[in-house]
Structures are given as C-alpha cells and as structure tokens.
Peer 1: 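Dumping the structure here so I can ask a few things about it.
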Number of protein chains: 2
Amino acid sequence: MKPSVKDNKRKAILDAATELLALKPTATLQEIADHAQIGIATLHRYFSTRELLLDALALNAIGLVDEALEGIMNDDSDMLRFLTEVFEALIPLGSKMSFLSFAASVDENPNILAEEARIKQPLREAVEGWQTRGLLNAAMPAHWMITVMYNLLFVAWQEIQNGNLAKNDAPQLLVSTVIQGFGASGRSGS
Amino acid sequence: MKPSVKDNKRKAILDAATELLALKPTATLQEIADHAQIGIATLHRYFSTRELLLDALALNAIGLVDEALEGIMNDDSDMLRFLTEVFEALIPLGSKMSFLSFAASVDENPNILAEEARIKQPLREAVEGWQTRGLLNAAMPAHWMITVMYNLLFVAWQEIQNGNLAKNDAPQLLVSTVIQGFGASGRSGS
DNA sequence: AATAAATGATAGATAAATATATCATTATAT
DNA sequence: ATATAATGATATATTTATCTATCATTTATT
C-alpha cells in the first residue's frame with residue numbers, strides 16, 4: 001500500500017498544476033509542464049488529455065481535503081480550537097479549494113459538485129451546532145458563513161504566496177476575522 | 001457628451017463579457033458572443049482581438065468602480081454607514097472586481113495593477129483612520145482587511161447570482177460579517 | 001556494468017480558437 | 001420611402017493548443 005515513486009511524481013505534477021491553474025485558469029499544458037518542471041511529453045504520459053488532468057486535479061483536491069480533515073473531530077466543546085485546527089489544515093490547501101469551486105462549477109461535473117458539497121459537511125454541521133448553542137450568530141445564514149470561510153482559505157493562501165502574510169499567523173488571523181470581524185475587540189456594533 | 005447608442009452597446013458587451021469571464025475564465029469568444037446575445041462578427045467589430053477585449057474589460061471595470069465610489073465621501077463620523085454605502089455601490093460590481101484582480105495578475109499589466117491599487121485607496125485610507133480612532137482592530141493588518149472586503153464583494157455577488165442571497169440583504173450582511181464576524185452579538189472571543 | 005524504465009526534446013498531425021472577409025437581412029435615420 | 005449603417009450568418013484563413021510518435025539521453029534496478 002506504500003505509494004510508489006511514480007505515484008509521488010504524479011502527485012507532484014497535480015500539486016504544481018493546481019497551484020498554477022488556481023492563479024491562471026487559462027494556463028496551457030505547456031505552461032503547466034514548465035511549472036511542474038517536467039517535459040510536456042511526460043505530462044502527457046501521466047495524463048493523456050487535458051480533461052483527464054482536470055478531473056484528476058479535482059479528485060486529488062477532494063482526497064487531500066478529506067485527509068486533512070481526518071482526525072479533526074468536533075467535540076462541540078471548544079469552537080475556537082476546532083476552527084483553528086481546521087484552518088491550519090486547510091490553508092495549505094488553499095489553491096486546491098479554489099480550483100475545486102471553480103473547476104467544478106465550470107465543468108458542471110455533477111460528481112465533483114457532489115463531492116464538493118460533501119467535504120463541506122463537517123464544517124456545516126459544526127456551524128449549525130454552534131448556532132444552536134448560541135456561540136455563533138443564529139441570525140446569519142449558515143450557508144453564508146461556510147461560503148465565506150472557504151473563500152477566505154484561498155485568500156489567506158494567496159496572501160501567504162504573495163509574501164503579505166506569515167504562514168504561522170494565518171490560522172489565528174482567519175479565526176479572528178471570521179469570529180470577531182475587524183471591529184475593535186471590546187465592542188463592535190454602532 | 002451624451003453616450004451614443006454605439007457606446008451603450010459597447011458597454012453592454014463589456015458587462016456581459018465580464019459576467020461570463022468572472023464565472024468561467026476560459027470562455028471562448030464564441031461563448032462570450034452568445035452570452036452577450038450578439039453575433040461573433042459584431043463582437044469582432046467592437047473588439048478586434050481578444051487581448052483588446054480583455055484590456056477594455058479591465059478599464060471598464062476600473063471606470064465603473066471609480067464612478068460608483070464617486071460621491072461616497074468618508075466624513076469619518078459614521079463608519080457603519082460609510083461601509084454600507086460602499087458595499088451597496090460595489091456589490092453589483094462584484095464580477096468586475098473579481099475579473100480585475102484576476103486579469104490584472106494574469107496579464108501582469110502594470111498599468112492595470114496600478115489602477116487596481118488606486119481604486120482601493122479610499123477604502124484603505126478609511127480603514128487606517130478607523131484603526132487610529134479605535135473603531136477597528138488596530139492589531140489586524142489593514143492590507144488584510146481590504147483584501148478580505150474586496151474578495152467578499154465578489155462572494156456576495158456570486159451568492160446573489162446563485163439565488164442564495166437577497167440583493168437587498170447583501171450590504172448589511174457584509175457589514176455585519178466584516179465588523180462583527182460570525183460570533184454571537186454579545187461577546188465573541190474566548 | 002548491463003538492462004530496463006523513464007524522461008525530455010523534437011517533429012508532425014489533429015483539433016480548436018481566433019481573426020478576416022463577404023453578403024443578405026435588419027434596423028436606423030432623414 | 002430611401003439611403004445609410006449595423007448586424008448576423010457563414011465561409012475561409014491563420015494562429016494556437018492539443019495530441020501522437022520517435023529517439024537519444026538520463027535515471028533507476030539488479
């Protein structure tokens with residue numbers, strides 16, 4: 001069951017491709033091969049068509065998110081800790097998240113749309129639980145909160161790439177942003 | 001100085017093209033023409049090459065944002081009102097905002113990058129002022145706040161398009177999200 | 001070291017997108 | 001109503017991207 005060297009290379013290609021396509025969705029196969037530092041012939045050996053590559057990218061992203069969320073259980077006791085762990089796990093996957101939302105909606109692939117909804121389930125259930133408990137604003141639609149959080153994962157990833165945000169600061173900043181907002185800590189309303 | 005009928009059509013094409021490209025950056029000229037409900041020959045008459053079309057899209061987006069922000073002055077007295085007005089003005093331009101950030105970074109067009117920074121200036125100055133006054137969290141990087149707000153403009157626009165969010169609810173929801181976050185209204189941090 | 005597998009560069013073929021040109025039809029203006 | 005301008009459909013050419021095939025070189029295996 002150990003991943004072969006070929007599997008590793010395949011994963012490296014997928015990672016590089018996702019990274020580039022998240023920033024430049026119109027990248028050609030040649031550009032993708034360059035970014036992955038391989039010849040275009042090799043790229044074709046691993047993924048015979050662009051369409052197959054895109055499908056593999058989506059499946060890879062889903063698998064990585066599943067893997068990252070594995071083991072992060074919500075014991076319903078400590079919301080901030082749970083959120084921090086989720087963000088720590090998912091920020092490095094920012095480009096994958098972004099690609100997923102885009103590619104899935106673009107390709108209208110129902111399979112991938114379903115998977116995308118599935119991987120959002122844990123966070124959705126957690127949010128709804130916290131709303132019931134009065135920890136989160138019950139008047140705000142849960143769907144909006146989820147959407148915002150997943151989008152901010154990509155924003156954070158991008159800011160890290162651009163050198164505007166320290167990797168280690170990102171999870172806390174995200175938690176603070178979504179829970180408290182930008183308001184001064186004491187009070188916030190008018 | 002009145003816009004001619006041809007200018008109006010030109011703008012209509014730009015609007016339709018932005019809308020489509022924001023959702024599907026890989027759209028072909030044929031798809032853009034279809035979405036704008038014109039023949040591809042007419043599209044070529046207005047914009048002779050794809051590159052010229054993309055440049056025009058960026059310039060149009062910048063002009064619309066300028067126009068939308070015109071007249072919204074920050075009197076430094078009422079942060080929530082100012083933010084609400086900015087969001088009311090910019091949410092309908094969500095697809096333009098999104099296209100701008102993407103196209104500019106993709107094309108590496110320095111002109112557009114500069115304009116993009118310029119249209120963010122008013123909000124940046126306002127945020128920094130509010131931080132000084134203690135209305136906003138001074139420990140949070142202003143750059144992060146601006147980036148988040150501009151990204152959420154597109155998210156809100158998208159949610160409206162998808163039918164998940166009422167147009168009239170969006171500005172308030174955005175203000176609430178960025179100022180208070182998702183926390184229950186009373187208190188938020190641990 | 002010898003063998004097998006994988007790679008990259010390159011060339012060529014196919015397919016797709018973009019760009020140009022023509023013409024009949026529709027809309028607009030006067 | 002007529003003339004002018006704009007449009008859309010279509011055909012064609014050109015460019016670009018994708019895909020396939022070949023072969024020498026590099027890398028891995030034993």
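Every chain is numbered from 1, with letters handed out A, B, ... down the list of sequences.
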Peer 1: Send over the distance from Glu51(B) CD to dT16(D) C1', rounded to a whole Å.
Peer 2: 14 Å
Peer 1: Considering only dT10(D), dC23(D), dT7(D), which nucleotide approaches the side chain of Arg45(A) most closely?
Peer 2: dC23(D)
Peer 1: Determine the sole option in Leu64(B), Val65(B), Ile91(B), Thr18(B) for which the side chain to side chain contact (heavy atoms under 4.5 Å, CB included) test with Met97(B) is passed.
Peer 2: Val65(B)
Peer 1: Considering residues, nucleotides and ligands other than Arg118(A), do more than 12 of their heavy atoms fall under 6.0 Å from its CZ?
Peer 2: yes
Peer 1: Just how far, in rounded Å, is C1' of dT7(C) from CD of Gln37(A)?
Peer 2: 14 Å
Peer 1: Is any side-chain nitrogen or oxygen of Tyr46(A) closer than 4.0 Å to OP1 or OP2 of dA6(C)?
Peer 2: no
Peer 1: Among dA19(C), dG8(C), dC19(D), find the nucleotide with the atom closest to the side chain of His44(B).
Peer 2: dA19(C)
Peer 1: Calculate the interatomic distance between Leu29(B) atom CG and dA17(D) atom P; express it in whole Å.
Peer 2: 13 Å
Peer 1: Does Glu31(A) pair with Lys24(A) as a salt bridge, N-O distance under 4.0 Å?
Peer 2: yes
Peer 1: Looking only at side-chain atoms of Ala41(A), point me to the closest of dT10(C), dC19(D), dT18(C).
Peer 2: dT10(C)
Peer 1: Using the side-chain heavy atoms of Thr28(A), tell me which of these nucleotides is nearest: dG8(D), dT7(D), dA17(D).
Peer 2: dA17(D)
Peer 1: Could you check how far CG of Leu43(A) sits from P of dA6(C), rounded to whole Å?
Peer 2: 16 Å
Peer 1: Between Arg50(A) (CZ) and dT20(D) (C1'), how many Å, whole number?
Peer 2: 18 Å
Peer 1: How long is the line joining CD1 of Ile40(B) and P of dA21(C), in whole Å?
Peer 2: 15 Å
Peer 1: Does Thr42(B) have a side-chain nitrogen or oxygen under 4.0 Å from the phosphate oxygens OP1 or OP2 of dG8(D)?
Peer 2: yes
Peer 1: Provide, to the nearest angstrom, the distance between the CD atom belonging to Gln30(B) and the C1' atom belonging to dA11(D).
Peer 2: 14 Å
Peer 1: Under a plain distance cut-off of 3.5 Å, with no hydrogens placed, do Asp34(B) and Gln30(B) share a side-chain donor-acceptor pair?
Peer 2: yes
Peer 1: Does the side chain of Ser98(A) pick up a donor-acceptor pair with the side chain of Trp157(A) at under 3.5 Å?
Peer 2: no
Peer 1: In whole angstroms, how far is the C1' atom of dT7(C) from the CD1 atom of Ile13(A)?
Peer 2: 11 Å
